[in-house]
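All remarks here apply to the structure that follows.
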Amino acid sequence: MPELPEVETVLRELRAALEGQTLRRVIVRRDSLRWPIPKGFASRTERRKAVSLRRRGKYILIRLDSDDSILLHLGMSGRIRIMRAEAMDFVRHEHVVLETDGGLHIGFVDPRRFGALDLMPTTDEDMHPLLAKIGLEPLGPDFTTTRLAALLRGRKGPIKTVLLDQRLIAGLGNIYVCEALFRAGIHPEIRACDVAADAVVRLAAVIPVILEDAIAAGGSSLRDYARTDGKSGGFQDMHQVYGREHEACPDCPGQPLCAGIRRIVQAGRSTFYCPQRQHPAS
DNA sequence: CCCGCAGCCTGCGGGC
DNA sequence: TGCCCGCAGGCTGCGG
């Protein structure tokens, strides 16, 4: 899905459109995504004002001036589409639409329907079952080498799959884990507990930098993800290994020993890496 | 507790 | 051209 940088990009655009606005109309066109959308979603949100918006991992929270907050997750293929409301056109798979007093149409489009939309009391946002167990924010002040090292300690699973575990770190997905391991020079199949101390230092440094760079580029558009105006993000052009099987590694150009970028499957997902730069012994 | 895997959905591109 | 297969950025729930 949209990973942290894509969700953050959507959050910022959504905030510009929605913060301080009253929802003059809410249309639920399909009442079930990954889970059912709560009964009365429209009536509980209509005529409410969106007070503030924030992100937690890959989730977006919209706080209303009632005691409710909207929880939004884009799943694999979800996107937000913002336009002037006058046109009143819907696209395929546009399941929910929020219309603001300012005259904007904010649609949630999700072909695969792995996304989620829920409503909960604002006072216990972080107790929501989907949020309660998620881990460290990689762009937060607590994301340090020490904390990362503590998370990896004792974990026997491959570093690739451990970094994807949202209960440990919130927001990384397949693309950014591959890219971070490449930049840190860590082999994806090394057990998390075996990653050398200096490699953990590099990893802790590189993760926030990649995420910030990706946010600055508006995220990575591969197939479904788009910004709220329908335009693509720009970070896919900066991917060094993701989706680049058989290409030369950008880090070892012309080196005869570099066999190019490899694709392997770990826990059912593709991993891309350079066997030369990401050597198990480093 | 930890791990791996199937399943949830639709759409797309490649191979035949 | 059409069909079938594999693949896709996530997450949960099950089994071992």
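Chain A is the first sequence line, chain B the second, and so forth, proteins listed ahead of strands; every chain is numbered from 1.
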Practice problem: Considering non-hydrogen atoms only, spot the tightest contact between A:Ala180 and A:Ile207 and give its length. | Solution: CB-CG1, 3.9 Å

Exercise. Look through every strand shown and name the nucleotide pairing with B:dC1 as Watson-Crick or G-U wobble, where both distances are under 3.5 Å.
Key: none

Self-check item: Stacking of A:Phe114 on B:dC8 base (centres under 5.5 Å, planes under 30°)
Solution: yes

Quiz item: Within the structure shown, what part of the strands sits under 4.0 Å from A:Arg79 by heavy-atom distance: base, sugar-phosphate, or nothing?
Solution: nothing

Practice problem: Once you apply the 3.5 Å cut-off to both distances, tell me the Watson-Crick or G-U wobble partner of C:dG6, or none. | Solution: B:dC12

Practice problem: Could you check whether A:Arg155 gets within reach of a base, just the sugar-phosphate, or nothing at all, counting any heavy atom under 4.0 Å? | Solution: sugar-phosphate

Quiz item: Taking the side chain of A:Pro158 as heavy atoms from C-beta outward, which of C:dC11, B:dG4, B:dC9 is closest to it?
Solution: B:dG4

Quiz item: Reckon A:Arg167 touches a base, only the sugar-phosphate, or nothing at all at heavy-atom distances under 4.0 Å?
Solution: nothing

Quiz prompt | Base of B:dC8 paired with side chain of A:Arg112 (donor-acceptor, under 3.5 Å) | solution = no

Self-check item: Residue mapping more 5' on DNA chain B - nearest nucleotide basis, A:Arg34 or A:Val162
Solution: A:Val162

Quiz item: Between A:Asp165 and A:Pro111, which is nearer to the 5' end of DNA chain B once each is assigned its nearest nucleotide?
Solution: A:Asp165

Practice problem: Look at the side chain of A:Tyr242 and decide which nucleotide, out of C:dA8, B:dC9, C:dC11, has an atom nearest to it. | Solution: C:dA8

Quiz item: If only side-chain N and O atoms of A:Ser270 are considered, is one of them under 4.0 Å from the OP1 or OP2 phosphate oxygen of C:dA8?
Solution: yes

